[in-house]
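Data block below; observations after.
From a predicted model like this one, the values you see are computed outputs, not experimental measurements. Residue numbers begin at 1 in each chain, while the letters A, B, ... track the order of the sequences.
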Protein chains: 4
Amino acid sequence: MDKKNKIIEASLELFGKKGYFETDIESIAKKAGVGKGTVYLYFKNKKDLFISTINYSLNNCNEEILNAVERMDTPSLKIEKYIDTFFKIMLENVSKIKFFTMNNVNLNNQIVDFSKNIDKKIVVKRFQILKDIIEEGIEKNLFKDFNSEIMTMMIVGLIHMEISRVMFFDIQIDQKRIKYLKENVIKILSKE
Amino acid sequence: MDKKNKIIEASLELFGKKGYFETDIESIAKKAGVGKGTVYLYFKNKKDLFISTINYSLNNCNEEILNAVERMDTPSLKIEKYIDTFFKIMLENVSKIKFFTMNNVNLNNQIVDFSKNIDKKIVVKRFQILKDIIEEGIEKNLFKDFNSEIMTMMIVGLIHMEISRVMFFDIQIDQKRIKYLKENVIKILSKE
Amino acid sequence: MDKKNKIIEASLELFGKKGYFETDIESIAKKAGVGKGTVYLYFKNKKDLFISTINYSLNNCNEEILNAVERMDTPSLKIEKYIDTFFKIMLENVSKIKFFTMNNVNLNNQIVDFSKNIDKKIVVKRFQILKDIIEEGIEKNLFKDFNSEIMTMMIVGLIHMEISRVMFFDIQIDQKRIKYLKENVIKILSKE
Amino acid sequence: MDKKNKIIEASLELFGKKGYFETDIESIAKKAGVGKGTVYLYFKNKKDLFISTINYSLNNCNEEILNAVERMDTPSLKIEKYIDTFFKIMLENVSKIKFFTMNNVNLNNQIVDFSKNIDKKIVVKRFQILKDIIEEGIEKNLFKDFNSEIMTMMIVGLIHMEISRVMFFDIQIDQKRIKYLKENVIKILSKE
DNA sequence: CATGAATGAGCGTTCATTCAT
DNA sequence: GATGAATGAACGCTCATTCAT
């Protein structure tokens with residue numbers, strides 16, 4: 001792995017764990033195993049590094065979700081896989097949670113200006129994946145004819161609320177809870 | 001208005017606009033029209049002021065929503081009022097948006113520790129208000145028999161996603177869009 | 001006791017325990033049971049209060065030593081009493097130690113300017129008491145004919161060194177040690 | 001001279017002249033000709049710098065005294081050299097006075113906690129040098145058989161008292177006075 | 001006389017960024 | 001390219017002093 005990637009991986013972990021302002025360049029450099037000055041060879045400044053890290057992370061996650069979803073046959077299974085993968089990535093790597101949603105990037109006060117620099121296409125894609133699945137389900141007459149844009153936002157919103165709940169109340173996510181969420185989403189979507 | 005309240009109001013605006021780390025005590029004091037030291041008469045430190053401001057804001061918003069909702073007759077109208085009020089508060093005072101959701105308080109990495117000090121009852125109440133309305137609708141046989149907890153999270157999630165969308169893509173919220181959201185939510189909930 | 005005295009007593013304890021810079025007016029006022037502003041009715045400022053406290057303390061200690069010494073008959077007993085009283089005052093009220101010597105007032109860097117305001121007569125008196133005793137002993141042919149000024153400084157110096165040793169190495173002063181010091185001083189002074 | 005040493009030298013002068021609390025890091029940095037942040041590259045914090053400065057100074061002085069004393073032949077000459085060197089260092093560099101004695105470090109209220117971090121061996125050595133000389137004198141039957149520990153403390157105490165006197169009464173130390181002190185000490189120690 | 005709410009100057013410390021090597 | 005020593009702007013917090021009541 002080249003130095004630039006090492007720096008991004010270190011950033012991902014540290015920004016994720018401690019946030020933008022409480023992460024310092026020195027510790028990123030140390031974790032990446034490079035000199036402090038080296039960071040500035042590859043990134044203009046701290047904000048540039050942060051944006052780059054977010055885009056990198058969003059991209060990775062999108063790909064992982066897309067890969068997982070594509071392997072499923074029915075819209076219902078795809079929806080369940082989408083939700084599953086979302087939480088799996090979270091459980092696998094807690095530090096990535098923080099970068100995982102458009103929401104937190106966006107509402108995160110400190111970086112509201114940063115959001116202007118994040119690749120919007122990547123964020124849009126996250127929604128598009130789910131919207132496509134829902135529309136497929138409606139077309140195949142498996143899902144109720146709800147507005148697909150709204151339904152997409154509600155499902156992504158549900159996942160965010162659950163993540164919030166988990167973090168805010170300091171509770172653990174277990175498979176039973178995820179199953180419960182998936183079943184109810186499917187029930188809301190499905191005809192009969 | 002006493003000095004403590006002036007300080008909280010100034011905090012609300014500045015923390016909201018610029019976030020925790022980029023807001024400094026001096027500017028809060030200046031905006032509140034008090035001396036820097038005065039802030040420390042009423043709040044133990046910056047974190048204490050931040051928590052107090054969040055709780056104050058959450059409380060105010062809850063009350064406003066509750067008042068608005070109570071005056072409506074049917075569950076559908078209540079739901080619409082809930083959504084309306086949510087966005088109205090946002091539009092009235094953009095700076096409050098940042099404090100307006102459990103989500104951003106929670107996911108905001110920098111203040112993840114702060115969340116432990118936020119009055120959880122206030123946050124729970126935000127959800128409870130909506131959940132009660134949905135259950136009322138189900139009981140009166142007006143809404144489909146969806147899981148009320150999940151539905152609550154999806155609707156609040158939808159609002160958060162919309163707020164995110166608005167901020168992220170730097171677009172304005174207009175009445176037409178809000179109407180569109182409300183109608184679709186009601187359509188999803190309602191029997192027939 | 002009037003308010004001024006209450007303030008001085010509180011100062012004595014707090015300045016003694018925590019030093020000039022780490023003692024704040026508010027805690028003095030609180031311990032004295034008066035308002036913060038009241039302190040400024042009786043003393044021009046913090047430095048004035050400090051000087052007044054030192055002078056008050058030095059005076060009290062001098063009187064106590066003088067009273068104790070006068071009741072003894074022979075120069076040797078007086079010397080022993082002088083040393084005893086010195087340490088007794090220390091043991092009684094550790095906080096006073098800090099004010100107890102010209103030395104610490106003087107060498108105490110922070111307050112080197114203060115020393116110009118301390119009543120020099122009081123300090124001189126401390127030495128004079130001992131010098132008189134030594135000269136009495138020499139006149140009565142009980143003590144060796146050492147230079148009384150030097151001997152005075154050496155005995156007071158010895159006491160200071162012991163106090164330093166005790167505080168620096170964080171050990172306790174016991175009666176055995178004091179006895180040991182007294183005996184050796186007397187042995188050095190006495191003929192035969 | 002490297003930057004660390006420049007900082008220590010500047011600290012020595014400023015802490016010495018103005019004391020711990022009235023010396024600020026910025027002025028130390030300025031005097032040392034380095035940036036404020038540079039101080040924190042070499043020292044953990046202000047207290048660490050202070051302790052380091054004291055230890056540095058104590059060490060230097062011990063060495064100077066030891067070197068001077070070793071070159072003398074008889075115990076009497078050594079004692080005189082000890083006293084001479086003590087005062088010489090003082091006269092050379094008034095600012096060092098403040099660091100020169102265990103006493104002031106110790107009794108200095110504000111820094112009583114610091115004393116726990118000062119290398120006690122260095123302080124003990126200061127006394128040991130003198131005690132060894134006295135015991136040598138006693139062994140060689142040149143000095144009276146006084147308790148060497150007590151005598152050591154009295155002589156060091158005498159020097160401290162003289163320093164105090166000088167500073168407190170704002171007078172100058174001259175060679176005549178030093179000669180007077182030395183002669184009387186030798187007279188007290190010597191047989192016949 | 002007495003109070004304590006209010007003030008703001010002042011300082012220790014951090015850390016993003018630069019630049020000589 | 002790579003480094004890390006050096007920098008100084010910036011900020012949270014304290015506390016002596018004032019003054020309206």
query = Taking CZ from B:Phe50 and P from F:dC11, how many angstroms apart are they, rounded to a whole number?
reply = 17 Å

Distance in angstrom units between D:Leu49 CG and E:dT13 P, rounded = 10 Å

ask   = Of the residues in residues 25-35 of chain D, which ones touch DNA chain F at a heavy-atom distance under 4.0 Å?
value = D:Val34, D:Gly35

remark   = Separation of F:dG4 atom P from D:Lys3 atom NZ, nearest Å, is 18 Å

message = Between P on E:dT18 and CG on A:Leu41, what's the gap in Å once rounded to a whole number?
response = 12 Å

ask   = What's the CD-C1' distance between D:Glu22 and E:dG12, to the nearest Å?
value = 16 Å

task = Grab the NZ-P distance between A:Lys47 and E:dT17 for me, whole Å please.
result = 9 Å

query = Taking C-beta and beyond as the side chain, do C:Leu49 and C:Phe15 meet within less than 4.5 Å on heavy atoms?
reply = yes

inquiry  = Quick check: closest heavy atoms across A:Leu12 and A:Ser57, and the distance to 0.1 Å?
reply    = CD1-CB, 3.7 Å

query = Toward the 5' end of DNA chain E, which comes first, C:Gly37 or A:Tyr40, by nearest nucleotide?
reply = C:Gly37

request  = Quick one: pull up CD1 in C:Ile51 and CG in C:Asp48 and give me the separation to the nearest 0.5 Å.
outcome  = 8.0 Å

request  = Mind checking the NZ-OG spacing from C:Lys31 to C:Ser11? Nearest 0.5 Å is all I need.
outcome  = 11.0 Å

Relative orientation of the end axes in the helix from E:dA2-F:dT21 to E:dT21-F:dA2, expressed as an angle to the nearest 10° (five pairs per end) = 10°

message = Could you measure the distance from the CG atom of A:Asp24 to the NZ atom of A:Lys30? Nearest 0.5 Å is fine.
response = 8.5 Å

Heavy-atom side-chain contact between B:Thr53 and B:Phe43 under 4.5 Å = no

query = Is any side-chain heavy atom of B:Thr23 less than 4.5 Å from a side-chain heavy atom of B:Phe50?
reply = no

ask   = Looking at E:dT13, does its base get a donor-acceptor pair with the side chain of D:Lys36 below 3.5 Å?
value = yes

query = Does the pair B:Ile8 and B:Tyr42 meet the rule for a side-chain contact (heavy atoms from CB on, under 4.5 Å), with working shown?
reply = CA-CA 10 Å; B:Ile8 288 229; B:Tyr42 296 105; over 6 Å; no

task = Could you pick out which residue, A:Tyr42 or B:Thr23, lies toward the 5' side of DNA chain F when each is mapped onto its nearest nucleotide?
result = A:Tyr42

Modelled atom types, side-chain donor and acceptor of C:Asn5 and C:Asp2, under 3.5 Å = yes

ask   = Just how far, in rounded Å, is C1' of E:dG8 from CG of B:Asp24?
value = 14 Å

message = What's the gap between E:dC1 and F:dT21 when it is taken at their C1' atoms, as a whole Å value?
response = 13 Å

remark   = Taken to the nearest whole Å, NZ/C:Lys4 to C1'/E:dC1 is 15 Å

